Asks: 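Below is the structure I would like to discuss, written out as structure tokens.
Just so we're clear, the structure is a prediction, and the values are computed from it rather than from any experiment. Per chain, numbering begins at 1; letters A, B, ... match sequence-line order.
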Protein chains: 4
Amino acid sequence: MSATLEPRHVKAISRNRRVAGADPDKRHQILEGAHAVFTARGFDAASMNDIAAAANVSKGTLYVYFEDKEHLFVALIEREREKQKQGMYEALAEEPGLEQALTNFGSGLVRLLTNPFALSAHRIVLGVAERMPDLGREFYERGPMQGAQRLAAFLDQRVAKSELAIDDTALAAAQFVDLAQSTLMRPRLFNAVRTPPSEDEIARVVGEAVAMFMMRYGVKKP
Amino acid sequence: MSATLEPRHVKAISRNRRVAGADPDKRHQILEGAHAVFTARGFDAASMNDIAAAANVSKGTLYVYFEDKEHLFVALIEREREKQKQGMYEALAEEPGLEQALTNFGSGLVRLLTNPFALSAHRIVLGVAERMPDLGREFYERGPMQGAQRLAAFLDQRVAKSELAIDDTALAAAQFVDLAQSTLMRPRLFNAVRTPPSEDEIARVVGEAVAMFMMRYGVKKP
Amino acid sequence: MSATLEPRHVKAISRNRRVAGADPDKRHQILEGAHAVFTARGFDAASMNDIAAAANVSKGTLYVYFEDKEHLFVALIEREREKQKQGMYEALAEEPGLEQALTNFGSGLVRLLTNPFALSAHRIVLGVAERMPDLGREFYERGPMQGAQRLAAFLDQRVAKSELAIDDTALAAAQFVDLAQSTLMRPRLFNAVRTPPSEDEIARVVGEAVAMFMMRYGVKKP
Amino acid sequence: MSATLEPRHVKAISRNRRVAGADPDKRHQILEGAHAVFTARGFDAASMNDIAAAANVSKGTLYVYFEDKEHLFVALIEREREKQKQGMYEALAEEPGLEQALTNFGSGLVRLLTNPFALSAHRIVLGVAERMPDLGREFYERGPMQGAQRLAAFLDQRVAKSELAIDDTALAAAQFVDLAQSTLMRPRLFNAVRTPPSEDEIARVVGEAVAMFMMRYGVKKP
DNA sequence: GATGAATGAGCCTTCATTCAT
DNA sequence: CATGAATGAAGGCTCATTCAT
């Protein structure tokens, strides 16, 4: 008796070990489907049915892994943010020349922001920001705000080294971030331009941003 | 006698001119209700029921004045845009000093963009831009893009007068517009900051924008 | 004073003379519009709005002349029936040969029944017969039943003259009516055939009907 | 042991085979409700709400099993047609005497056509034939037209055997079908007569039809 | 845990009818 | 009497969520 486990028991045991919605593969699978559907349709127009189908999972399973539609969406946003932040700040950590660091950071930022999913995420989060202010705030704080803060910290270092002369590095960082996107991000966000900017465009705009920034905050060397 | 029209006649005349759904008061009333509900909930979460209630009008009446929910929404957006554009470009038409003109324009712009309805309109339009790209494009072109173009035209004039040295005035205009909003617009849009910026904040940020802009593009006088 | 009537009084007087919905022109105008719309859409899919527009009359006026949609429809059916019955029974009144009389009556009947409005009326009345049994019965009694009765009366005369030998002239009349339509009416009613039968087809089918009828009920002359 | 399937397994298997909306019991249940409501009210006046209530099923479930109201209705019509066609053509296949075959076929036909649901189906299909011509055509082709064609084929056989002399068997078949219904079907269809014809009435009318038919097309034997 | 059929609240829209002018 | 804006009940349909299996 003890030698043979009937299938039923095996299942019972393995079930006991599991926590609700803890199969990472299935979770991943669901998020992939959700990504596709939310991206294509926006929050409200995306149906749990579509998501279940896109994820190749039953509708019920969705609710095993995520409390409801909103939680699923938030989890997706969080995953995507983490995924995309990777490598974003390397430009600031390495030790190239100051202008080169800014150029690398700026163009990385623009590439990140103008890619389709980042745009979708922005649109969706902004679209629900009124109803779900916490989601909006969190998205802002962990995304754009954090980017500016890291850049500000970088600028602080360079001010300390007397390579830059900046009173308010927080503002300066925001200025640079905005300059780098000038002309490129907004029309994409409104869907008025359907293709990501070319590398040449990025280089030109970021180049101008660096030039302007240095002219304002750069320290002239004798 | 013949010089005065009795009220009865006036009404009769105005009634004859009337087209279905053309009572301007009722139309206004509906748009007010729609404004309130769309602003509070976004496009999808706003129900025609709620809008009818908010406008103190029957559901059927909504459809006498507007073809459907989307048309109502677009009409609202258009009305608000017109309402808010008034006086926006005066700063560029008057003849104060160059820096003063930029300062006035920049602070006007920021005040406009950070007020609650402009934010709502932005959020809603962005939220549906994926599904309604035409609306997104139009909103962009008639709003942000037009603002930048007018500023670019202004810059062209000043370049012609040798007060500024700018290669690409379109880019320069976008840069100024972005600098003027730095720090102020984005957190508002994400609903991470719930109150409009103070006049002092605006003055500071716009001041920095003007300073940076002039340092980059200004022509030094001997 | 008594010599001049102010317009107001004139109106008051003329108004007093009128009975509700008694302007025959307007009534006719409304029925024309109703005809067009009911015919094109059927009872339920026809809206009072459409009818008002088609009749070039305000929606309110509809209700001055007809109690409600159903009464309007019934009035229309009645008018059309009268309109179309004209001349139907002449063939039976004149004194041609027996077979010629049957042929004329039969082809007149088929022409009447397969024309577009008669088909529409049939369809509509049948479509609502479940909900409005009185309308169905009345339509039947004043239309098809009456036609058969008149033919039966005609047959009675000819039986009296020993031109025909029929036990049950009511049944014989119905048989002839059905034979005359064989093949022609049903597919039209179901909209499976979109054009009225040609005169040749009518002649052939009615000819066969007469032949069959005479073979069964005709009295052989020595 | 291996020979018997435990219920659990049976269910598991049947569940795996299941497609959305394929539970035959529920489907049947819905069709029953739809039958009741459509029959009582006609197509337009029948609401999905009523049908759901009559079927003891939620409104949503209706849409799991049927795409929309029209598809539900068509499915119902099809089911009823199949249900009622059973046994219709047996009379023509068996080998009784010619007149007996016609009599059996004719009375079967009349019984079928004058029963309440067939009448309802006719009324409904005719009522919507203007707006849904395909449904009308299909109903006609698979119902009345097919009946006439089968009879025509039967007549062809008997012509080949020299039992009948018919030029146009298609027309002759239609004639017989119409004669068999004379007096019985039309008043029922218009709801002018509320009860099905008695067997005696049927026998009399069909008898007359056969007599007339044979007199016209029968081959006299020496 | 996984499934997907079932639910029912709620959505947008239409339309017969009313009524102030 | 004529008008047509306004009404609000009702319609077809969708969808997030639940729950028996």
Side-chain angles (χ1 to χ4, degrees), chain A residues 11-12 14-23 26 44-52 57-65 67-70 72, chain B residues 8 11-12 14-16 18-23 26 44-52 57-65 67-70, chain C residues 11-12 14-16 18-23 26 44-52 57-65 67-70 72, chain D residues 8 11-12 15-16 18-23 26 44-52 57-65 67-70:
Chain A
K11 279 196 175 174
S14 70
R15 184 198 285 154
N16 288 339
R17 274 195 198 142
R18 255 179 221 161
V19 186
D23 178 341
K26 203 139 245 171
D44 289 282
S47 86
M48 293 299 265
N49 235 332
D50 297 340
I51 293 172
V57 150
S58 86
K59 236 188 307 182
T61 303
L62 256 36
Y63 288 86
V64 173
Y65 285 81
E67 198 177 322
D68 59 18
K69 194 183 178 182
E70 191 174 322
L72 168 55
Chain B
R8 173 179 337 190
K11 280 195 176 175
S14 69
R15 185 200 282 152
N16 287 341
R18 208 171 270 167
V19 188
D23 179 343
K26 201 136 245 169
D44 289 283
S47 86
M48 292 299 263
N49 243 332
D50 297 341
I51 293 172
V57 149
S58 86
K59 232 192 305 185
T61 301
L62 257 36
Y63 289 87
V64 172
Y65 285 80
E67 200 178 320
D68 59 17
K69 193 184 179 182
E70 192 174 320
Chain C
K11 280 194 176 176
S14 69
R15 185 197 285 153
N16 286 341
R18 257 177 220 159
V19 186
D23 178 344
K26 202 140 245 171
D44 289 282
S47 85
M48 292 300 264
N49 235 332
D50 297 341
I51 292 172
V57 149
S58 87
K59 237 188 303 183
T61 301
L62 257 36
Y63 287 87
V64 173
Y65 285 80
E67 198 178 323
D68 59 18
K69 194 184 178 182
E70 192 175 320
L72 168 55
Chain D
R8 172 177 336 190
K11 281 198 176 174
R15 185 199 282 153
N16 287 341
R18 207 172 272 170
V19 188
D23 178 343
K26 200 135 246 170
D44 289 283
S47 87
M48 293 300 265
N49 245 331
D50 296 341
I51 293 172
V57 148
S58 86
K59 225 189 314 182
T61 301
L62 256 35
Y63 289 88
V64 172
Y65 285 80
E67 201 177 318
D68 58 19
K69 193 184 179 182
E70 192 174 322

Asks: Dot-bracket notation for DNA chain E is requested: 5' to 3', Watson-Crick or G-U wobble pairs only, both distances under 3.5 Å, with ( ), [ ], | and . as defined.
Replies: .||||||||||||||||||||

Asks: Using a cut-off of less than 4.0 Å, is there contact between a side-chain N or O of C/Tyr65 and OP1 or OP2 of F/dC1?
Replies: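 No.
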
Asks: Would you please name every residue forming a side chain to side chain donor-acceptor pair (under 3.5 Å) with C/Asp68, sequence neighbours left out?
Replies: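 C/His71.
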
Asks: Report the C-alpha distance between C/Leu72 and C/Tyr65 in whole Å, list the side-chain angles of each, state the deciding distance to 0.1 Å, and finish with yes or no for side-chain contact (heavy atoms from CB on, under 4.5 Å).
Replies: CA-CA 8 Å; C/Leu72 168 55; C/Tyr65 285 80; over 6 Å; no

Asks: Using modelled atom types and a 3.5 Å cut-off, is there a donor and acceptor pairing between side-chain atoms of C/Lys26 and backbone atoms of C/Val57?
Replies: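 Absent.
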
Asks: Among all residues two or more places apart in sequence or in another chain, which pass the side-chain contact (heavy atoms from CB on, under 4.5 Å) test with A/Ser58?
Replies: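 side-chain contact (heavy atoms from CB on, under 4.5 Å) check on A/Ser58 returns A/Thr61.
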
Asks: What's the separation between atom NZ in C/Lys59 and atom CG in C/Asp50, rounded to the nearest 0.5 Å?
Replies: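 Between atom NZ of C/Lys59 and atom CG of C/Asp50 there are 10.0 Å.
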
Asks: Summarise protein proximity over nucleotides 7-13 of chain F in one line of letters, 5' to 3': B for base, S for sugar-phosphate only, - for none, counting protein heavy atoms closer than 4.0 Å.
Replies: BB-BSSB

Asks: In chain order, what residues pass the side chain to side chain donor-acceptor pair (under 3.5 Å) check against C/Asp44, with sequence neighbours excluded?
Replies: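 Side chain to side chain donor-acceptor pair (under 3.5 Å) check on C/Asp44 returns C/Arg131.
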
